[in-house]
Every structure is written in C-alpha cells, then in structure tokens.
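This structure is a prediction, so every number in the text was calculated from the model and none was measured. Per chain, numbering begins at 1; letters A, B, ... match sequence-line order. Any value given below was found using the heavy atoms of this structure, including those in side chains, with hydrogens, waters and symmetry copies removed.
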Number of protein chains: 2
Amino acid sequence: MPDRLPHTLRSDALDNRERILDAARALFSADGLDVPMREIARRAGVGPATLYRHFPTKQVLATEAFADQLRACRAIVDDGCTDPDPWRGLCLVIEKICELHARDRGFSEAFMSTFPGAPDVAGREYTMKAVAGLAQRAKDAGCLRSDFVLDDLILILMANKGIHTRSTDTQVMASRRFAGLAIQAFQACPQHAPLPPAARLVSAAPDSA
Amino acid sequence: MPDRLPHTLRSDALDNRERILDAARALFSADGLDVPMREIARRAGVGPATLYRHFPTKQVLATEAFADQLRACRAIVDDGCTDPDPWRGLCLVIEKICELHARDRGFSEAFMSTFPGAPDVAGREYTMKAVAGLAQRAKDAGCLRSDFVLDDLILILMANKGIHTRSTDTQVMASRRFAGLAIQAFQACPQHAPLPPAARLVSAAPDSA
DNA sequence: ACCCAAGCGGACGGGGGCGTCCGTTAACGT
DNA sequence: ACGTTAACGGACGCCCCCGTCCGCTTGGGT
C-alpha cells in the first residue's frame, strides 16, 4: 500500500514533461509566444489535457521553458560586470543580449512582456542594480555618454525585439548590426548633440544610473 | 428611368464609407491592425456586411485608411531631400518618420508589413532613390558615416516599431529619444569603430547608397 | 406621390483556440 | 502476478472571428 506523498513524478510523466518543454522551447523560439497550446501538445506527442496538467497556463510554461535562457541572460550580465574595462563589459552585455533575443523570439517576447512589473522580479532588481553600476563605471571612465540612463537599455531591447526577418540567421545579422549602432550611439563623443528626454519605461528605479 | 452607371455613391453610402474609414483609422492607430473587422463596423455604427461591401478585405481598408499617412510620409521625405543641408534633411526624415510611426501603430505595422515586396510599390522605388541620394549627399558632406547603407534606415524603422508602451505620449517620447540615438549612431565620427555587416532587408536596391 | 434599385444589417454556418471532464491505460509497489 | 492509482488523451462545450446571404429600408429620380 503505497501511501508516500507523490513528490516524485512517474517516469512517463517526467518524460512527457521534458518533451513538452522541448516542444515549447522549439515553437516559442521560432514563432513567438502566440503559438496555440495544442500545437505544442501535438509536437510533444501528448494530448491537450496532459499539457494543461503539467503547465496550467502559458505563462507558467513559458517561465519554465525559458529558465535557462534567463540564466544565460544573468550570466551575460555577470560577465559584463566582471570585465575590468567597464565600457567593454557594457558593450558585451548589449551585443550578447541582443543576439540572445534575436535567436529566440519567444524569449524576447516573454522577457519584455514581464517587464511592466510582474512579481517575477526575483533577481531582476539585483541585476538592474548591477548593470546600473556597470554603466556608472563606464561613465566615470569617460566612455559612456553622461546622459545615458538605464531606460535607454530597455529602449534598445524593445527596439531589438521589433527587428523581424524570416530567417533566423538574417535576424541575428541584423540584430548584430543594430547592437553595433546602439553602442555607437551610447559612446561618449565630443561632438554629440543632446538627446531628447528619456521616457520612463521601467517604473522601479529610485536612482537611475 | 435611372440607367446611368452607378459611378456615384448614394449619399448615405458615402456617409457610411467615411464613418468606417474614421473608425478604422482610430482603431488601427490605437490598437494595431489586429482589431477585428466587426469592431470597426461596430464603432462605425454599421453592420458587418456594409463594412465588407465597401472594403472586401482588411488590406484594402488599411490601404485606404492610411492613404494620407502615406502622403505625409512622402512629404516628409520630400522635405528632407529639399533641405540645403543634407545631414539636417536626413535627421529630419528620421525624426519625423519615427514620430509618425510612434503615433500610429497600425500604420507602422501596415507600412512595414508591405515591405517584403508587395506590388504596392507605386512610388516607393522612387522615394527610396530619393533617400539614397540624400544619404549620399550627407556622406559627401562628411556628416554621415561612410558605411551607412539604406538597410540601416529600414532597420531603424523596424526597431522603432518594436517600441511599445501603453500611453501614446510615452511612446512618442520614447521614440523621439530612440531617433536621437539612431542619428547619433549614424553621424560620422573620427572615433567610431567599424560596424558589423548589414543584413539585406529590402531586396530591391541595385546600388545601395 | 410613387417606384425601384442601391444600400443596409441581422443572422447564419464554418473554423479554430481555449480549458475541462471522464473513461481508459499502464507504471510501480507489494 | 496483481491491484491500485497516477497519468493519459480523446472528446466536449464555449467563445470569438470570419465572410456571406437575404429580406427589409430608404434615397433620389420621375
């Protein structure tokens, strides 16, 4: 008489769970978050009910599916912050994050859509602070223009999301060039004109960098 | 015995037509092209059939609804090309077009979606040439970086489309700042590093500026 | 005042996505 | 080997959008 708590999934259930996550990752990456749930189920070779049992909502599924992408995101930021040259670090962050988003349309959508202020902010606040620090150091080094604000980074990320082509390769290439342009725009330069005022995109930022 | 060809609409029909166009403009602008046709009909105070009778497809409706936006677009380009200072002209074009797109989400979507190469290119080819000429002059004047290509403009437009906030005012503000950054990135500058290669976004361009 | 066709819009059938229920299958512990 | 129950998935009802048909209204010419 097995009365232990079902903290452990049955082997086939676990297998299905993995296949669902794989399918979700593949479809989200290629087509964005708007793919129907049933399509994910179909691709995973399970019924709709199974999909919903494991992940009651698309939000949950996306969160789980993009867990490692999010980890990669953090790693990129950490790497950038660790770089002895803050400007180089910031450039790396911009380039890498843009590429990550370009490669994975679904992640990009999910990432930006949660920005308005979901309680998912587990480590975001912290990450934000880290980037803010990096930016401040880049400014102090005279590499980053002094009127840069964190919202500019969000702006670039949103804009990068707008770049959309049929082939992923083209998309990555375009995104790379875009990142290059953004970096160029951020670089301190004696001849640069003052920018129009920044719009408040991320509400939670007591002191912007 | 009225047997003349019905080249002229009945007065009520014409009225409805205008109301439909107004409703379409309002909804497209605010919510993008994805609004249901019936919502447009509802807002215009007509039945679905009437809407479909006047505009058999959403494409047609959008084309008619955005006719003047398109005209405005051309006017902006013309103005820019007329400016004696080509760099100033180019900057104006970028700023104005970005703002136009920011103010009208539907137009932005429609404009970019037809880019892949619809036969709607009535005057686009010509406009493109005009901008290419403007860019060339700006380069010759030493204001525009020499590795600029026309695709960079498309890139910026696509990116601008990605900027999306709830309030239109915030959106315009953000878009303005974005345009400022783009201009900064395009400006010739002794210290600028080489950019990653441009991706081919608009196929029809024998000689890029 | 009358007529008639241009114009109208409610209503319909089709299709697709959503989330859930429930009868069936098969994993796992004994 | 067997029983229990976790897990499965086909099928259902719901809602929204689409595009069209057809009986009714009304503009406008005589």
| By salt bridge (Lys or Arg N to Asp or Glu O under 4.0 Å) - contacts of A:Asp104 (at least two apart) | none
| request: Specify the residues of residues 30-58 of chain B, ordered by number, for which at least one heavy atom lies under 4.0 angstrom from an atom of DNA chain C. | output: B:Arg38, B:Gly45, B:Val46, B:Gly47, B:Ala49, B:Thr50, B:Arg53, B:His54
| request: Using only heavy-atom distances, decide whether a donor-acceptor pair under 3.5 angstrom links the side-chain of A:Arg10 to the base of D:dA6. | output: yes
Could you tabulate the donor-acceptor pairs under 3.5 Å formed by side-chain atoms of residues 31-54 of chain B, not counting sequence neighbours?
none

| What integer distance in Å separates B:Leu14:CG from D:dT26:P? | 19 Å
| query | For A:Thr82, what residues pass the side chain to side chain contact (heavy atoms under 4.5 Å, CB included) criterion, not counting sequence neighbours? | reply | none
| N or O in side chain of B:Asn16 less than 4.0 angstrom from C:dC8 OP1/OP2 | yes
| request: Please state whether the rings of A:His101 and A:Phe111 are parallel, tilted or perpendicular, taking 30° and 60° as the class boundaries. | output: perpendicular
| request: Would you kindly give the CZ-to-C1' distance between B:Arg19 and C:dC8, to the nearest whole Å? | output: 12 Å
| What residues, two or more places apart in sequence or in another chain, satisfy side chain to side chain contact (heavy atoms under 4.5 Å, CB included) together with A:Cys81? | A:Val77, A:Ala130, A:Leu134, A:Arg137
| Could you give the CG-to-P distance, from A:Leu9 to C:dG29, as a whole number of Å? | 13 Å
| note | Sorted by chain and residue number, the salt bridge (Lys or Arg N to Asp or Glu O under 4.0 Å) partners of B:Arg10 (sequence neighbours excluded) come out as B:Asp12
